[in-house]
Every structure is written in structure tokens, then in C-alpha cells.
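Side chains included, hydrogens not; waters and symmetry mates left out as well; all remaining heavy atoms used. Owing to the predicted nature of the structure, the values given are computational and were not obtained by experimental measurement. Just so you know, residue 1 is the first one in the sequence shown, and it goes up from there. Just follow the structure's listing: the first ligand is 1, and inside any ligand the first atom is 1.
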Amino acid sequence: MTQLPAAQTVQHSPSDGSRTLYGGKGTRRITVRDIALAKERGEKWPMLTAYDAMTASVFDEAGIPVLLVGDSAGNCHLGYESTVPVTLDEMTMLSAAVVRGTQRALIVGDLPFGSYQEGPVQALRSATRLVKEAGVGAVKLEGGERSHEQIRLLVESGIPVMAHIGLTPQSVNAMGYRVQGRGEEAAQQLLRDAKSVQDAGAFAVVLELVPAELAAEVTRVLHIPTVGIGAGPETDAQVLVWTDMLGLTPGRVPKFVKKYADLRAVMGDAARAYAEDVVGGTFPLEEHSVH
Ligand code: KIV
């Protein structure tokens, strides 16, 4: 494992007096208006997933401005094989924990499979639970043109929406985990999807596993920020699944992931050291005891 240099917090101060998303001094929660201003300034920003209060508090303290309570919790936290089985009750519970663990980040709660596909009214009922019961500042849902009406009603009802196009893992049974937007026809469809979610009022759009050139074009064409995952360097923001980027996910991770730590090794070594201490009688010692 290569030794990483200690991260430095950069202090940014935009000339218009507004706050930057990363490295700014403000302590109030980031809002979707801050996100829109960042696009106007051409400022790039990081997003990470989080599924529990303690991990979320670490990322919040590190200044990550947007935390996604993704339904990737299905594979990365709840032990399912995909995101498909995740329920709205589970997302509400995890989102509430992440909100409780943070003070500054904008928390985006994912609408799980089956909680919005029936139509706008079902989407509003589900999103309302995440906003009222969990306290999220925005919700995310998958789909471009096919989710236009859902996004429109949520936004009209006062719920900020992050859209998600390209590879949409909730449709894994239909599309598999394949690069999307390859070839002229698929690229045109991706552009139509991107414009459709923007027209419906989404404040940002995730582009997952699409060619870098196409993601760059979508980013140029849209006035809302694009958040890339496996979409090259030219999107406005980037998102990674935290267990992938900190090396906790077992086995192979996708090519687009950069591993910033090896938590699986660190935690395994610590657990083995503890077990050996207990078995060998070197923990607890006098200093760990009360009398
Ligand atoms: O659920 C999730 O974590 C996501 C991100 C990969 C964008 O949708």
C-alpha cells in the first residue's frame, strides 16, 4: 500500500463573497443553492456515500459537502447482492442516522427500487418520508425521460431532486453492469435524458459509467452540475462509494475507483491483535481494570 501524504484542507474564498463547497469556513448546512453557485463559479466538488452516523461524521468533519445515503447500502452495508431488495424503511432509517451524524453536509437520500416507479404520486409519498422522518435535504432517483414526471412533482412540492442516469443499478436485471451511452444512438438518448431531468427541475444529475467524452459534453450542455462516477474527469463533481474508496469492500472494485486507504487490512490486523491479546492473557491489563 503506498503511503498517502496527509490531506490538507484548502481554504478557498470566491471573489463574490459566497462560500465554496469544499474548504469553505461556513458551518451551516450546504443547500442546493450553494450547489448551483458552485457550477456558476466552475468549482469542482466531492461527494461520498455514507450509511451510518459515525462514518458520516468523519466525512462531514473532513469537509465533504454532499453525502449520499445511496441504496448502494444494499451491497455495502446490509449484505444484499444488489440494490434491488433495499426498502424505503431501510433507507429512512439509514438516512436519519446520517443526518444525525452531520452538521454541515447536504444529505441526499436515495429512493429505493419500487418506491417511485409507479408514478409521481408514489414518488412524492416516498420522498416525503425521507424528508420528514429522516430529515434529508434532497432525494435522488434513477432514470432520465422515464422519471421526468416524478422529478417535476417532487420539485414543485419543494423537494430538491438529484437525478441519476447512465448505468442505473436498480435496473441491473434489465441492463446489467455495462458502460452506457456507447454509440451514436445511445449517446443521443443519454443527452435527451440529461436535458429531460434538467427541464423537470433536478438540481444535479449523477452520470454513472459513461464514456468520459460524452460526460464532458453533457457537462457543457447542462446548467445544472453533473456528478460523475466512472464518467471521466470533466464532470462538475465526483462521487465514490465510501467502502470502495477506503478499501473496505472485499474483492475487486470497478476500474474507476481510486483506493485512498486499506481499511480492510487495518481492521483485520487490529481484530487479530485483539484476539491474540485475549487468548494470550495480555488484555486486559491492570491499566484497563477497575477495583
Ligand atoms: O447508491 C449509490 O451509492 C449511488 C452512487 C453510486 C451514485 O447511486
S.K.: Return the closest protein heavy atom for atom 3 (O) of ligand 1 as residue, atom name and distance.
M.R.: Ser72 OG, 2.5 Å
S.K.: In a check of salt bridge (charged side-chain N to carboxylate O under 4.0 Å, His left out) between Asp34 and each of Arg104, Arg28, Arg41, Lys39, which one passes?
M.R.: Arg28
S.K.: Counting from 1, what ligand 1 atoms have a heavy atom of Ile229 closer than 4.0 Å?
M.R.: 6 (C)
S.K.: Using 30° and 60° as the class limits, which term best fits the ring planes of Phe283 and His288: parallel, tilted or perpendicular?
M.R.: tilted
S.K.: Would you say Tyr51 has any N or O atom under 3.5 Å from an N or O of ligand 1, going by distance alone?
M.R.: no
S.K.: Under 3.5 Å, N or O to N or O, is Asp110 touching ligand 1 that way?
M.R.: yes
S.K.: Given the rule that I, L, V, M, F, W and Y join up when any side-chain heavy atoms are under 4.5 Å apart, are Tyr260 and Val253 in one cluster?
M.R.: yes
S.K.: For atom 7 (C) of ligand 1, find the nearest protein heavy atom and state the residue, atom name and distance (0.1 Å precision).
M.R.: Leu68 CD2, 3.8 Å
S.K.: Please determine whether a side-chain nitrogen of the Lys or Arg among Glu276 and Arg272 lies less than 4.0 Å from a carboxylate oxygen of the Asp or Glu.
M.R.: no
S.K.: Which atoms of ligand 1 sit under 4.0 Å from any heavy atom of Gly70?
M.R.: 1 (O), 2 (C), 3 (O)
S.K.: Can you confirm whether the side chains of Gln170 and Tyr116 place a donor and an acceptor under 3.5 Å from each other?
M.R.: yes
S.K.: Could you give me the CA-CA distance, side-chain angles and deciding distance for Gln188 and Glu184, then say whether side chain to side chain donor-acceptor pair (under 3.5 Å) is met?
M.R.: CA-CA 6 Å; Gln188 288 306 324; Glu184 188 49 31; 2.8 Å; yes
S.K.: Going by the atom numbers of ligand 1, which of them fall below 4.0 Å from some non-hydrogen atom of Thr49?
M.R.: 3 (O)
S.K.: Ignoring hydrogens, just give me the one of Met47, Met162, Lys140, Met91 whose non-hydrogen atom is nearest atom 8 (O) of ligand 1.
M.R.: Lys140
